[in-house]
Amino acid sequence: MPALIDLHSHSVISDGLLTPAELVAHAAAKGVRVLALTDHDDIGGLEEAKMAAAQHDIELINGVEISVTWRKRTLHILGLKINPEYMPLLNGLEQIRKGRHIRAEGMAASLDKTGIAGSLEGAYKYAKQGIISRTHFARFLVEKGIAADMRGVFKKYLVKGKPGYFEHHWADLEDAIGWIRDSGGIAVIAHPGRYDLGRTNMLLLMEEFRALGGQAIEVVTGSHTPDQYQEFAKIARQFSLQASLGSDYHGPGHAYIEMGRLPDLPHGCVPVWQDWPEIAKLHTDLH
Ligand code: AMP
Ligand code: MN
Ligand code: MN
Ligand code: MN
């Protein structure tokens, strides 16, 4: 079943490599039947994705991945089934995108200081259609031969304590959950295993997230190990949170995992999609 479902993916509107229509076609080719497009802080790709989905027999879920600062750490909160016309959500995302421009200038200034010139223009060259992100700076650094690949960039640049890092305050957790929920959507903590929070803070986050109206966490994602699938399945149960599943696909050569390859949710998880009509329809189609 889950290879048919993918609730986390990116297009050129954020830092993916495929257009929304190409992404949907790719998902279809890999056997995905229910796909959420979840670009960082921008929903500008949803309309194109929806039209492509109709042609590829894919159920498109309107999504977004919101950048949040929680206790001085950056977290990503997915909004699934959001209403893309809900003004407070649109306004909130616009504020975050404005912040991204300011951060980009800070990042470029930091790189300038270490003798790497032209990164602002260089990064924006890769970010013509939507947000500006560290990924676009990373592509510039690879283009210039300053690092061999993306992984190499994020070891030596753009992360805390390294050239190109610039401290930034994203949306508050409470606001992000509020925009998502009030628009009719479901708030999901993306890839909790990536935050390096420590046990105490992780449990605190789960508690706070739930108290603020958060509903689910990603259990199976391209950036979790199989051990982490089990770990977060247990945490989801412990906090009565539902479980989500998504590849976090960013395009060919820039992916944690290919689409349609993720395993099923571990036994005992309550899937975030349990009552979704899109899934019921899938079952009907299959039988
Ligand atoms: P930003 O939201 O601008 O801080 O950019 C974060 C994005 O950078 C993530 O969504 C990933 O796509 C990318 N990223 C972060 N760390 C790495 C890494 N180690 N390797 C490849 N891409 C990364
Ligand atoms: Mn990304
Ligand atoms: Mn993320
Ligand atoms: Mn993502």
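Just so you know, ligand 1 is whichever comes first in the structure, and atom 1 is the first atom listed for that ligand.
- Residue side and main chain included, H10 places an N/O/S atom under 2.8 Å of the Mn ion (ligand 4).
- Distances from the Mn ion (ligand 2) to the N/O/S atoms of D15 are shortest for OD2.
- Looking only at N/O/S atoms, H40 comes nearest to the Mn ion (ligand 2) through NE2.
- The Mn ion (ligand 2) lies under 2.8 Å from an N, O or S atom belonging to H250.
- Nearest N, O or S atom of D248 to the Mn ion (ligand 4): atom OD1.
- Minimum-distance N/O/S atom of E65 relative to the Mn ion (ligand 4): OE1.
- With the Mn ion (ligand 3) as vertex, H191 NE2 and H76 ND1 subtend 110°, rounded to 10°.
- The shortest distance between side-chain heavy atoms of I131 and D39 does not fall below 4.5 Å.
- You'll find the side chain of L7 reaches within 4.5 Å of the side chain of W273, heavy atoms only.
- Counting only heavy atoms from C-beta outward, the side chains of Y256 and L262 never approach each other to under 4.5 Å.
- Looking at R103 and W170, their side chains come closer than 4.5 Å, going by heavy atoms from C-beta outward.
- For the pairing with H76, the side chain to side chain donor-acceptor pair (under 3.5 Å) check across E218, E65, R194 returns one residue only, E65.
- For the pair S244/T221, no side-chain contact is recorded, criterion being any heavy-atom separation below 4.5 Å from C-beta on.
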